[in-house]
J.: 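One structure is given below, represented as structure tokens, and several questions about it will come after.
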Amino acid sequence: MTIDARLPSDVELVPGAIKGWLKQLGPLKLNEDAVFGLQLCLQEALINAIRHGHQDNKALTVHCSIVADPQQIMIEVADQGKGFDVNAVPDPTAAENIGKGHGRGIYLIRQTMDEVAFLNGGRTIRMVMKLKGGRTGGH
């Protein structure tokens, strides 16, 4: 199953888009934890693309591609911005960064997904969730 979408750079549209995409993944019978993780990671990646990549420029669109099968779900979120160096993002768990609001989204994505890669100069994030090991419901 493949979902290929372009979303205008408007954070108000993010929840509805995610809800629609997750509904399309219904046949995979994902459990509550997997759905929550996907929702969280999509939200963080999309909002980062809109806020940081596009500087909230509503004339630009974010591209989201979701390729899912019974083994895994691969998501790519790409923006049209300048990109960034992921290694320059401060560790939000370091004592000096605890009160700061940057870097948490990437941290959460890395904690939730099985694989995370930044491509295209930081303009694309690829996230992979493996579906083995209890991430699906149904028998």
Side-chain angles (χ1 to χ4, degrees):
M1 152 182 345
T2 300
I3 299 167
D4 192 59
R6 291 205 173 272
L7 185 68
S9 289
D10 183 345
V11 294
E12 305 256 331
L13 301 176
V14 169
I18 293 171
K19 185 177 181 182
W21 299 333
L22 290 176
K23 188 174 183 179
Q24 290 180 57
L25 296 177
L28 293 174
K29 296 186 177 7
L30 300 170
N31 69 23
E32 207 173 287
D33 289 342
V35 170
F36 177 81
L38 289 168
Q39 189 171 6
L40 172 76
C41 292
L42 274 164
Q43 179 173 308
E44 291 296 336
L46 290 165
I47 290 176
N48 280 349
I50 292 167
R51 290 255 158 89
H52 301 295
H54 292 167
Q55 317 291 291
D56 289 306
N57 180 346
K58 291 186 170 135
L60 300 175
T61 58
V62 177
H63 180 236
C64 183
S65 169
I66 303 172
V67 179
D69 62 43
Q71 282 72 46
Q72 71 177 23
I73 298 171
M74 182 179 73
I75 301 167
E76 285 190 2
V77 173
D79 65 56
Q80 300 169 301
K82 295 177 183 168
F84 75 107
D85 177 3
V86 70
N87 297 316
V89 177
D91 176 358
T93 65
E96 68 273 13
N97 297 325
I98 294 293
K100 297 180 182 172
H102 297 291
R104 289 194 196 123
I106 292 171
Y107 175 80
L108 289 170
I109 289 169
R110 284 184 165 149
Q111 296 303 307
T112 304
M113 290 293 188
D114 295 301
E115 297 171 23
V116 179
F118 291 88
L119 313 166
N120 197 16
R123 288 183 290 280
T124 301
I125 182 172
R126 178 182 294 155
M127 307 174 281
V128 177
M129 177 182 280
K130 305 279 186 200
L131 296 180
K132 297 288 179 198
R135 283 195 164 136
T136 55
H139 294 281

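What's counted below: heavy atoms across the whole structure, side chains too, no hydrogens, waters or symmetry copies. This is a predicted model, so every value here is computed, not measured.
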J.: Judged by atom type as modelled, is there a donor-acceptor pair below 3.5 Å linking the side chain of Gln55 to the main-chain atoms of His52?
T.: yes
J.: Name each donor-acceptor pair under 3.5 Å that joins a side chain in residues 113-120 to protein atoms two or more places apart or in another chain, with its distance.
T.:
unit_1	atom_1	unit_2	atom_2	d
Asp114	OD2	Lys130	N	2.6
Asp114	OD2	Arg135	NH1	2.6
Glu115	OE2	Lys130	NZ	3.1
Asn120	OD1	Arg123	NH2	3.2

J.: Is it possible for you to say whether Ile66 and Met1 belong to one hydrophobic cluster, with membership spreading through side-chain heavy-atom contacts below 4.5 Å?
T.: yes
J.: Could you tell me which non-hydrogen atom of Ala68 sits nearest to which non-hydrogen atom of Leu25, and how far apart they are?
T.: CB-CD2, 3.7 Å
J.: Mind checking what makes salt bridge (Lys or Arg N to Asp or Glu O under 4.0 Å) contact with Asp56, not counting sequence neighbours?
T.: Arg51
J.: Where do Thr124 and Ala78 come nearest, in terms of heavy atoms and distance?
T.: OG1-CB, 3.4 Å
J.: How many angstroms lie between CD1 in Ile47 and CG in Leu42, if you round to the nearest 0.5 Å?
T.: 10.5 Å
J.: Quick one: pull up CG in Asn48 and CZ in Arg104 and give me the separation to the nearest 0.5 Å.
T.: 12.5 Å
J.: Under 4.5 Å between side-chain heavy atoms, hopping through other hydrophobics if needed: is there a path connecting Val128 to Phe36?
T.: no
J.: Can you measure from CD (Gln39) to CD (Glu32) and round to the nearest 0.5 angstrom?
T.: 11.0 Å
J.: Under 3.5 Å, sequence neighbours excluded: what are the donor-acceptor pairs made by side chains of residues 10-22?
T.:
unit_1	atom_1	unit_2	atom_2	d
Asp10	OD1	Glu12	N	2.9

J.: Which side-chain hydrogen bond (donor to acceptor under 3.5 Å, both in side chains) pairs, counting each pair once, include a residue from residues 75-88, with sequence neighbours left out?
T.: Glu76-Arg126
J.: Among all residues two or more places apart in sequence or in another chain, which pass the salt bridge (Lys or Arg N to Asp or Glu O under 4.0 Å) test with Glu44?
T.: none
J.: How about CD on Gln71, more than 12 heavy atoms from neighbouring residues, nucleotides or ligands closer than 6.0 Å, or not?
T.: yes
J.: Do Ile106 and Ile125 make a side-chain contact, defined as non-hydrogen atoms from C-beta onward lying under 4.5 Å apart?
T.: no
J.: So do Pro70 and Leu131 actually touch side chain to side chain, heavy atoms under 4.5 Å?
T.: no
J.: Do Cys41 and Leu108 come within less than 4.5 Å of each other through their side chains, counting heavy atoms only?
T.: no
J.: I'd like to know if the side chain of Thr112 and the backbone of Gly37 have a donor-acceptor N/O pair within less than 3.5 Å.
T.: no
